[in-house]
Amino acid sequence: MRHLMSPLDFSVEELDRLLDLAGDIERNQKKYARACEGKKLAACFYEPSTRTRLSFEAAMLNLGGSVLGFSSADSSSASKGESISDTIRVISCYADICAIRHPKEGAALVAAQKSAIPVINAGDGGHQHPTQTLTDLLTIRSLKGRLGGLTIGLCGDLKFGRTVHSLINALIRYENVRFVLISPEELRLPDYIREDVLVANGVPFEEMERLEDAIGELDVLYMTRVQRERFFNEEDYIRLKDYYILTREKMLLAPSDMLVLHPLPRVNEISVEVDDDPRASYFKQAQYGVYVRMALILTLLDAAKEDSDNA
Ligand code: NCD
């Protein structure tokens with residue numbers, strides 16, 4: 001049984017194949033319209049979500065399958081005290097594949113260990129968000145033509161931003177990738193990524209506080225929201241929430257072919273006036289999220305089928 005907990009669960013070759021499949025889906029959607037007929041996706045979301053949940057649902061519907069699930073912990077039996085392990089054992093009887101989002105780090109892994117169907121981590125606390133990473137990789141590869149040889153600026157809440165953690169893990173496997181980490185001191189990248197991933201693998205990076213100092217040398221600027229729900233107190237959040245605001249003025253300092261990405265939702269960190277800039281690619285990125293999730297569902301269901309055929 002194959003699950004997706006972290007982007008590292010796929011080798012670079014497997015990732016390439018998945019992104020190729022997503023590209024083919026983008027060009028020939030009709031060809032895949034019945035690929036998952038009779039299959040069901042359970043979308044189990046214990047934390048708020050718009051894009052991830054709906055793009056998973058859209059992906060399964062585009063493949064001719066159906067969806068079931070819940071969109072908050074309150075509306076599931078978690079509110080009665082049921083464990084994730086029990087919930088997933090039951091969901092395994094109702095669906096063929098499950099996407100799960102949970103505020104606790106490691107929750108998806110706990111589910112995967114008890115599951116009879118493929119489990120996809122759709123975000124576990126401040127830890128990982130591998131399907132956003134697949135989306136980001138597809139966006140960068142489609143719009144830049146490559147994943148290697150890039151200088152990537154990551155800006156905002158690098159401490160709690162799980163999309164950043166997963167993206168770094170994935171991108172270090174490509175040649176000549178360099179990171180510029182732009183954050184206030186208090187929201188710096190956690191040690192388990194800076195030391196254990198970047199330093200340990202000899203990946204070049206710089207840390208900076210001012211976006212203006214970095215923006216001129218970037219191929220990709222990945223903006224993130226300050227993760228209010230993971231702060232211990234509201235005052236700290238209020239003090240830090242508007243630390244970075246990407247404006248039209250700052251975009252004047254950026255290369256003409258720099259991509260601006262953001263996993264969304266945006267709060268204040270990108271001014272709406274930037275949306276019309278041809279370099280602003282965050283809404284396209286959300287669209288790529290559907291294609292890549294279609295490719296992921298197909299890949300994991302295929303692997304599960306092979307498993308059961310060989311059993
Ligand atoms: C991200 C998340 O949930 O981590 N959103 C998303 O899935 N696109 C980013 C965020 O919430 O800031």
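Each ligand, and each atom within it, is numbered from 1 in the order the structure gives. From a predicted model like this one, the values you see are computed outputs, not experimental measurements.
- Between Y46 and H102, the angle of the ring planes lies from 30° to 60°, which puts this pair in the tilted group.
- Considering only non-hydrogen atoms, atom 6 (C) of ligand 1 lies nearest to L264 out of T50, L264, T135.
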Q: Go through M251 and V260 one step at a time and tell me if the side-chain contact (heavy atoms from CB on, under 4.5 Å) criterion holds.
A: CA-CA 10 Å; M251 286 299 285; V260 184; 3.5 Å; yes
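- For R293 and F56, the positive end sits near the middle of the six-membered ring, less than 6.0 Å away and at most 45° from its axis.
- Salt bridge present: E217 and R178 bring a charged side-chain N and a carboxylate O closer than 4.0 Å.
- Atoms of ligand 1 found under 4.0 Å from any heavy atom of R101 (numbered from 1 in listed order, with element): 3 (O), 7 (O).
- Within the structure, ligand 1 has P265 among the residues with a heavy atom less than 4.0 angstrom away.
- Here the heavy atom of the protein found nearest to atom 3 (O) of ligand 1 is R162 NH2, 2.9 Å.
- Ionic pairing of D257 and K144 is present here: one or more N-O contacts between side-chain nitrogen and carboxylate oxygen are shorter than 4.0 angstrom.
- In the vicinity of T52, heavy-atom distances shorter than 4.0 Å reach the ligand 1 atoms 6 (C), 7 (O).
- Close approach of ligand 1 to R225 (heavy-atom distance below 4.0 Å) involves ligand atoms 10 (C), 11 (O), 12 (O).
- Remark: distances from the non-hydrogen atoms of E47 to ligand 1 are all 4.0 Å or more.
- Here the closest heavy-atom approach between residue D307 and residue M1 is recorded as OD2-N, 2.6 Å.
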